[in-house]
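Everything quoted here is computed from the prediction, not taken from an experiment. Only heavy atoms go into these numbers, but all of them, side chains included; no hydrogens, no water, no symmetry mates.
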There are 2 protein chains.
Amino acid sequence: MSIRHAILGLLANGPRHGYDLRATYQDDLVRAGKLNIGQVYTTLDRLERDGFVEHERVVGAEGRDKKVYALTAHGRAELDRWIAGPSPMPLDLRNEVFLKIAIARRIEGVDPQDVIERERRACFERLHEVTQARARAQGVAVEDELLLDLAVLRLKAFLKWLDHCEEKLS
Amino acid sequence: MSIRHAILGLLANGPRHGYDLRATYQDDLVRAGKLNIGQVYTTLDRLERDGFVEHERVVGAEGRDKKVYALTAHGRAELDRWIAGPSPMPLDLRNEVFLKIAIARRIEGVDPQDVIERERRACFERLHEVTQARARAQGVAVEDELLLDLAVLRLKAFLKWLDHCEEKLS
DNA sequence: ACGGCCGTACATACTTGGTATACATATTGA
DNA sequence: TCAATATGTATACCAAGTATGTACGGCCGT
């Protein structure tokens with residue numbers, strides 16, 4: 001997923017500059033997420049190129065000048081369109097583990113069941129980590145909980161699929 | 001996921017040229033997947049740059065010459081390492097629907113429950129499509145079934161999460 | 001026969017998403 | 001005082017993926 005719409009969304013509540021957008025993203029919008037500052041500026045450039053935002057140079061009280069970005073009408077329309085429309089639900093063809101299993105079946109000397117077993121173990125460990133993080137988030141911030149709940153559900157579904165693979169390929 | 005390891009995997013059973021790799025990928029390895037031919041050649045270039053494959057110019061019987069790629073020992077080692085090691089299980093921070101909900105909660109005039117409801121409907125439709133595709137694949141090819149089973153499990157997990165969001169945010 | 005389309009085959013330009021790093025100044029704290 | 005940290009922007013670079021260009025040959029219909 002790209003960060004375009006996150007920026008448009010943050011700008012909907014008023015103009016901000018790049019550094020500020022990143023801080024707000026990390027500290028408020030997606031608290032578990034990190035955002036590379038370089039990506040913020042290149043994304044802002046592209047959004048401006050496409051007419052979604054425009055910037056104004058502002059000389060700060062500290063002497064540093066900032067580029068403060070604001071949504072254009074076009075940008076606001078794009079944001080509304082994005083929010084109102086459904087998100088793509090990719091089928092995850094090109095799934096790495098599926099590919100690994102498929103290749104293992106076509107190579108001599110590699111047992112696909114071993115591959116499945118190793119992936120299962122890794123998935124379990126990950127689930128354990130995430131479950132602990134989920135417990136720590138409990139009651140702190142509802143959105144942090146939701147994001148971790150999603151991760152848990154996804155990992156459980158994947159484990160179920162691995163079991164299913166093992167059975168069907170045996 | 002990148003296509004690097006798919007190509008290494010296909011080359012493990014003997015040398016092939018670019019066009020052939022793409023055909024084999026689409027017709028045998030991941031039958032539901034499409035592979036852009038341009039990506040095959042650029043990936044082969046990078047694999048060669050990194051010493052994983054090497055090529056030989058072969059003049060075909062038809063007069064067209066091909067570049068036939070083969071795994072090097074280094075490439076075979078990389079393939080084995082990849083198969084033996086676990087795949088990354090990304091937490092899917094930057095999930096688009098989560099972002100949409102989070103932004104909706106921060107903007108006036110947008111009801112996050114509406115967002116959830118719309119995503120649910122889209123997800124249901126997708127699930128319906130995939131379920132039909134799954135029924136068509138039944139008994140035809142076990143790997144096609146597995147890939148579609150994964151898609152179904154994923155979509156069901158996501159629907160469950162949307163219900164969960166609705167409840168927690170109400 | 002020939003003109004168009006399709007299959008085979010490779011190459012390149014371009015876009016996007018993402019990381020790392022460089023650069024500059026102000027504040028803060030040991 | 002001097003080093004680390006915070007604020008702020010910019011750029012280079014890389015990988016993944018898409019679209020397009022360029023050949024050549026075979027097949028098919030009129």
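- In this structure, a donor-acceptor pair under 3.5 Å is present between the side chains of B:Gln138 and B:Arg134.
- Atom NE2 in B:His5 sits roughly 13 Å away from atom P in D:dA15 (whole-Å rounding).
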> For nucleotides 10-16 of chain C, read 5' to 3', which letter fits each nucleotide if B means a protein heavy atom sits under 4.0 Å from the base, S means only the sugar-phosphate is that close, and - means neither?
Replying inline: BBB---B
>> Does B:Leu155 form a side-chain contact (heavy atoms from CB on, under 4.5 Å) with B:Phe124? I'd like the steps, not just the answer.
In response: CA-CA 8 Å; B:Leu155 286 169; B:Phe124 252 117; over 6 Å; no
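- Distance A:Leu35 CG to D:dT9 C1': 15 Å, rounded to the nearest Å.
- Across the protein-nucleic acid pair, B:Leu44 atom CG and D:dA15 atom P stand 14 Å apart, rounded to whole Å.
- Tracing side-chain contacts under 4.5 Å through hydrophobic residues (I, L, V, M, F, W, Y), one reaches A:Leu99 starting from B:Val142; they form part of the same cluster.
- Classification of A:Glu48 and A:Lys67 as a salt-bridged pair fails, no side-chain N sitting under 4.0 Å from a carboxylate O.
- Under the 4.0 Å criterion applied to side-chain N and carboxylate O atoms, A:Asp45 and A:Arg49 are not assigned as salt-bridge partners.
- Distance A:Leu93 CG to D:dA16 P: 18 Å, rounded to the nearest Å.
- With salt bridges taken as basic N to acidic carboxylate O contacts below 4.0 Å, none links A:Arg4 and A:Glu78.
- Across the protein-nucleic acid pair, A:Tyr25 atom OH and C:dG17 atom C1' stand 13 Å apart, rounded to whole Å.
- Atom CD in A:Gln26 sits about 14 Å away from atom P in C:dG18, given to the nearest Å.
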